[in-house]
Structures are given as structure tokens and as C-alpha cells.
Participant: 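Just passing along the structure, written as C-alpha cells.
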There are 2 protein chains.
Amino acid sequence: MNIGEAARTSGVSAKMIRHYEAIGLLPPSSRSDSGYRIYSSNDLHTLRFIGTARSLGFTLDEIRQLVSLWQDRNRSSGDVKTLVVNHITQLEQKIAEMSAMRDTLRALAETCDGNARPDCPILHGISTHCAPASGSINSSRPGAKAVAT
Amino acid sequence: MNIGEAARTSGVSAKMIRHYEAIGLLPPSSRSDSGYRIYSSNDLHTLRFIGTARSLGFTLDEIRQLVSLWQDRNRSSGDVKTLVVNHITQLEQKIAEMSAMRDTLRALAETCDGNARPDCPILHGISTHCAPASGSINSSRPGAKAVAT
DNA sequence: CTTGACCTTACCACTGTGGGAAGGTTCAGA
DNA sequence: TCTGAACCTTCCCACAGTGGTAAGGTCAAG
């Protein structure tokens with residue numbers, strides 16, 4: 001099976017399959033005489049594993065660890081669980097940050113008429129409520145604690 | 001006030017202040033004879049506005065629009081509200097995605113003993129549940145619907 | 001006049017993904 | 001046998017947002 005079919009079957013784009021190989025997340029696949037990548041059903045299994053892990057929000061680095069645990073017959077399930085629990089914690093932190101943002105914005109939006117006049121409590125709120133930057137886990141939207149209303 | 005003090009006062013790092021200026025989010029500040037950036041209290045106000053907006057999860061592009069609305073005396077509050085409501089929707093989408101991930105992972109983690117033995121329902125779950133990629137709004141962790149358990 | 005704390009610009013890094021160019025391969029159909 | 005479409009290859013660039021760091025200029029206090 002070549003890369004296109006592997007991509008279609010696994011749900012991981014060909015672009016990303018090559019990328020994962022380049023960064024060592026996937027071992028180099030075998031090649032045809034002409035240099036085309038060839039994937040076995042075993043490779044596909046790994047690919048699907050990665051795709052699933054990605055869809056659960058794991059970073060590529062976490063997935064690297066997951067894959068290596070997955071392929072390690074002498075693993076401790078405790079190591080897997082620790083990794084997962086940490087990831088859950090991070091998810092919850094981000095959910096909390098974003099929920100706070102949403103709540104603040106919702107409160108502001110509720111008081112805004114949203115008409116053709118310029119008076120806008122939303123802009124007023126943003127321009128007067130100070131919001132010191134604060135630490136977050138990663139990039140994305142959550143970059144600071146949401147402003148309190 | 002020079003950039004360092006402006007950064008301390010506004011909570012936006014000097015690095016980012018320069019960046020925002022470079023991409024046109026902030027107008028070029030005035031300069032001292034020696035080329036140092038100088039910020040007025042007015043500039044600081046804008047800086048704080050941006051910082052607050054950032055902390056509410058707006059992208060720089062959304063903030064660009066917010067700032068221009070903020071400074072437009074002929075704005076319609078409806079335009080502001082639309083922008084904000086859209087942003088709230090996106091936040092909710094991401095919260096939902098991440099909550100789904102968390103739920104799936106929590107369910108998997110609950111069934112895992114987390115001991116020294118290799119048997120691990122988490123890894124089993126990831127390796128057998130297929131999760132087709134699906135659309136998300138932006139990058140970050142949320143990249144696909146969470147796998148159903 | 002030196003020293004340390006500041007400032008300047010200009011790069012490179014990260015994460016994860018996509019786009020595209022320039023070229024080679026494979027296969028079906030005329 | 002030739003041709004064209006649909007693949008494949010590698011390589012570079014882009015995105016968002018932030019940080020680091022290097023090489024240099026400036027300013028104020030001692």
C-alpha cells in the first residue's frame with residue numbers, strides 16, 4: 001500500500017505521515033524500487049494509533065511516548081496512566097481557562113444592545129478591566145486568565 | 001515611558017509590543033532622539049486593551065478589528081457584538097471538543113490499574129478505537145472529535 | 001570613564017498542518 | 001508506443017503567537 005492509500009485508510013494525511021517519519025515518530029517505511037513508500041497493515045495500525053491519539057489531543061511528543069510504551073512489552077501500565085492523567089489535567093486547565101473567557105464575554109455581550117449606535121459595554125469592559133497576563137500550558141487561545149467581570 | 005516600563009505597566013511583553021507594532025496592530029510609537037520607543041498614557045491604554053483582549057482569547061486578527069471598532073466613533077455596537085458572539089461560539093466549540101477528549105480519556109483511565117504490569121486498557125482503547133480526523137476551528141490541541149468510548 | 005541596565009534590529013526556535021514547485025513513476029487508453 | 005492523468009518524491013514557505021539570543025547603541029549612576 002502506498003502513502004495515498006495509507007492516508008485514506010488511516011485518516012492521517014500523506015503530508016503528515018511523511019512529517020511523522022521525518023521527526024522520528026514513525027520509523028522509516030520500506031520503499032519500492034522507485035522510492036515510493038510502502039505500508040504494511042502493521043504500519044497502518046501504528047498510523048491509526050497515532051491518529052487516534054492526536055484526536056484525543058495528545059501532542060506529538062506525548063504520542064511518541066505513548067507509541068513507545070505501546071510497543072514495549074515490559075511497560076508498566078502505571079506509566080501510561082500517569083501520562084494520560086497529566087494530559088487530562090492539562091485539558092481541564094484549558095477548559096477552565098476557556099470557560100472563564102466565555103463567561104466573561106457572555107456577561108459583556110448580554111449587556112450590549114448590538115444595534116447601530118456606538119455605545120458598547122463590551123468595548124468599555126475590555127478597555128477598563130485590566131487583565132494581567134498569566135501562565136498557560138501551551139499556545140492556542142488560552143493565554144491568560146480571563147478577565148473578571 | 002520606554003518600552004520596558006510600558007511592558008511592565010501593561011502586562012504585554014516588550015517583545016510582543018514590538019511584534020504588534022511590526023504587524024500593524026499597534027501604530028508605530030514615537031521615538032526618542034536615540035531611537036528608543038516612547039509610549040504615552042494613550043498608547044498604554046491601547047496596549048492594555050490589546051492585553052485584555054488577548055487574555056479573552058481573541059486572535060490578533062480579531063483584536064485588530066476590535067481596536068479599530070474601539071477607535072471608531074461611528075461604529076455600530078452590533079458589529080462589536082457580532083464579533084464577540086462569534087468568538088464565544090468558537091470558544092464553546094473548543095470547550096466541547098476538549099471536554100469530549102477529557103471524558104474519553106477519563107473513562108479509559110478509570111479502567112486502568114496503573115500498576116507495574118503491562119496490561120493497559122488505555123493503550124488498548126487507543127489502538128482499537130478508530131478516530132477519523134475531523135474539522136476544527138484552529139490549531140492547538142483540539143484537532144478532531146474525540147474518540148467515542 | 002566604566003559598568004550595568006536598558007534599548008535597537010535581525011535572526012532562529014517552537015507546534016502542527018497545509019500549500020506548492022520541480023521532478024520521477026505507473027498505468028490505462030488511444 | 002506514446003500520452004496524459006494520477007500518483008509519488010524531496011524541498012521550501014506559510015500560518016499564529018511567543019520566546020530566545022546575538023551584536024550593537026544609550027543612558028545614568030558611581
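So that the names make sense, note that chain A is the first sequence line, chain B the second, and so on, each numbered from 1.
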Participant: Quick one: label B:R37 by what it contacts on the DNA or RNA (base, sugar-phosphate, nothing), any heavy atom closer than 4.0 Å.
Facilitator: sugar-phosphate
Participant: With a 4.5 Å cut-off on side-chain heavy-atom distances among I, L, V, M, F, W and Y, is there a chain of contacts connecting B:V85 to B:L69?
Facilitator: no
Participant: Taking only residues two or more places apart in sequence or in another chain, which ones pass side-chain contact (heavy atoms from CB on, under 4.5 Å) with B:S30?
Facilitator: B:I38
Participant: Less than 4.0 angstrom from a charged side-chain N to a carboxylate O is my criterion; do B:R54 and B:E62 meet it?
Facilitator: no
Participant: Can you tell me how far apart OG (B:S41) and CZ (B:R48) are? Round to the nearest 0.5 Å.
Facilitator: 8.5 Å
Participant: Between D:dC8 atom C1' and A:E21 atom CD, what is the distance in whole Å?
Facilitator: 13 Å
Participant: Could you state the CZ-C1' distance from A:R18 to D:dT10, rounded to the nearest angstrom?
Facilitator: 9 Å
Participant: Specify the separation, in whole Å, of atom OH of A:Y20 and atom P of C:dT15.
Facilitator: 13 Å
Participant: Test: side-chain hydrogen bond (donor to acceptor under 3.5 Å, both in side chains). Region: residues 66-76 of chain A. Which pairs qualify, not counting sequence neighbours?
Facilitator: none
Participant: Can you tell whether the side chains of A:E21 and A:K15 come within less than 4.0 Å, N to carboxylate O?
Facilitator: no
Participant: To the nearest angstrom, how far is A:R31 atom CZ from C:dG24 atom P?
Facilitator: 16 Å
Participant: Please tell me if A:S13 has a side-chain N or O lying less than 4.0 Å from either OP1 or OP2 of C:dG18.
Facilitator: yes
Participant: Could you run down nucleotides 22-30 of chain D 5' to 3' and tag each one B, S or - for protein heavy-atom contact under 4.0 Å?
Facilitator: ---BBS---
Participant: D:dT18, OP1 or OP2 - any side-chain N/O from B:R54 closer than 4.0 Å?
Facilitator: yes
Participant: Rounded to the nearest 0.5 Å, what separates atom CD1 in A:I17 from atom CG in A:L26?
Facilitator: 7.5 Å
Participant: Calculate the interatomic distance between B:I17 atom CD1 and D:dT18 atom P; express it in whole Å.
Facilitator: 12 Å
Participant: B:I38 or A:L60: which one's nearest nucleotide on DNA chain C is closer to the 5' end?
Facilitator: B:I38
Participant: Just how far, in rounded Å, is C1' of D:dC7 from OH of A:Y39?
Facilitator: 14 Å
Participant: Return the value, rounded to whole Å, for the distance between atom CD of A:E62 and atom C1' of C:dT15.
Facilitator: 12 Å
Participant: Rounded off to whole Å, could you give me the CD1-to-C1' distance for the A:I3 and C:dT26 pair?
Facilitator: 17 Å
